[in-house]
Amino acid sequence: MRLPTVRSIRALAVVTAALFAAAASLGAAPQSKKKGGGPETFNGKAKVATGTATGDAYFTIQIDHYTPEKDLKAMEQALQTGGSDGFVQALRKAPVAGHLKVGDKSFTIRWARQKPTEKGRVISIVTDAPVYFVGAGLPDAQSRAGFDVAVAQMNIDTSGLGEGSIALAAKVKPGGQAGVEIQDYASEPVKLVSIMRVIS
């Protein structure tokens, strides 16, 4: 029986190390994607009420990625120093994080943050323009002066289900669990129900 040479032993060791490295990189890929957050999509229903009628509007929140901490800090700093107007200016310079879709209209999300809770996580989003809709439609209503963003918060459990609320046209101030909270809003916040994370 021929014994393996030192050279063949070394070659076997190199091949084995390469295989372990490849396996480790394949195993790490999904974790690194999960750590960065997104992409993920949520569908739900908004309970809309006007002075004369009530109805439901179906929405989709598509988060391509959660906003990097450095961009969140920049917007928080702008809010601290420049108030709601300063925040809006910084928000509109931030990278696109996703979209809020209602009917045939789409609104750009530039703030998307998630934080863990005892039952799951809380997700906050801010669009760079106010959102208006009644029932399944989207009238061409104009924003009240200074109410330049929409702010939504969703409480999502570990199974991907949840509920929340959205201020369709709002001013913001520092504070709250997300770092930004509503200072004032043009109309009463709308309740978001039957939220479900889309399994892809």
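Since we're looking at a predicted model, the values are computed, not measured.
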Sequence neighbours excluded, every pair satisfying side-chain hydrogen bond (donor to acceptor under 3.5 Å, both in side chains) that has a member inside residues 74-86
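Found Glu76-Arg113.
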Supply the atom-to-atom distance [X] [atom1] to [Y] [atom2], rounded to the nearest 0.5 angstrom.
X: His99; Y: Phe107; atom1: NE2; atom2: CZ; value: 11.0 Å
X: Glu163; Y: Met154; atom1: CD; atom2: CE; value: 12.0 Å
X: Ile166; Y: Gln153; atom1: CD1; atom2: CD; value: 11.5 Å
X: Phe87; Y: Gln183; atom1: CZ; atom2: CD; value: 12.5 Å
X: Ile125; Y: Arg110; atom1: CD1; atom2: CZ; value: 13.5 Å
X: Ser124; Y: Asn155; atom1: OG; atom2: CG; value: 10.5 Å

Using the rule given for salt bridge (Lys or Arg N to Asp or Glu O under 4.0 Å), can you reason through Lys47 versus Glu188, listing the C-alpha separation, both sets of side-chain angles and the distance that settles it, and then say yes or no?
CA-CA 11 Å; Lys47 306 296 289 185; Glu188 289 290 327; over 6 Å; no
Any side-chain heavy atom of [X] within less than 4.5 Å of one from [Y]?
X: Thr60; Y: Leu100; value: no
X: Lys45; Y: Leu192; value: no
X: Lys171; Y: Tyr185; value: no
X: Val193; Y: Lys191; value: yes
X: Ile199; Y: Met196; value: no
X: His65; Y: Val96; value: no
X: Trp111; Y: Leu72; value: yes
X: Asn43; Y: Tyr58; value: no

Determine, step by step, whether Arg121 and Lys115 satisfy the side-chain contact (heavy atoms from CB on, under 4.5 Å) criterion, reporting the C-alpha distance in whole Å, the side-chain angles of both residues, the deciding distance to 0.1 Å, and the verdict.
CA-CA 5 Å; Arg121 54 187 169 140; Lys115 288 193 172 184; over 6 Å; no
Mind listing the closest non-hydrogen atom pair of Ile195 and Gly164 along with its distance?
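Looking at all heavy atoms of both residues, the shortest contact is CD1-N, 3.9 Å.
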Provide the closest heavy-atom pair for Ala90 versus Ala78 in the form atom of the first, atom of the second, distance.
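Between these two residues, the closest heavy atoms are CB-CB, 3.6 Å.
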Using the side chain to side chain contact (heavy atoms under 4.5 Å, CB included) definition, which of the options Val149, Asp128, Leu79 pairs with Val88?
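Between Val88 and the candidates, side chain to side chain contact (heavy atoms under 4.5 Å, CB included) is satisfied uniquely by Val149.
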Look only at the side chain of Thr67 and the backbone of Ala112, and say whether a donor-acceptor pair between them is shorter than 3.5 Å.
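Checked: pair present.
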For the hydrophobic clusters of this structure (ILVMFWY residues joined by side-chain heavy atoms under 4.5 Å, transitively), does one cluster hold both [X] and [Y]?
X: Ile182; Y: Val180; result: yes
X: Val122; Y: Phe42; result: no
X: Phe59; Y: Ile156; result: yes
X: Tyr66; Y: Ile61; result: yes

side-chain contact (heavy atoms from CB on, under 4.5 Å), that's the test. Do Arg92 and Asp148 meet it? Break it down for me.
CA-CA 11 Å; Arg92 290 175 178 169; Asp148 297 322; 3.8 Å; yes
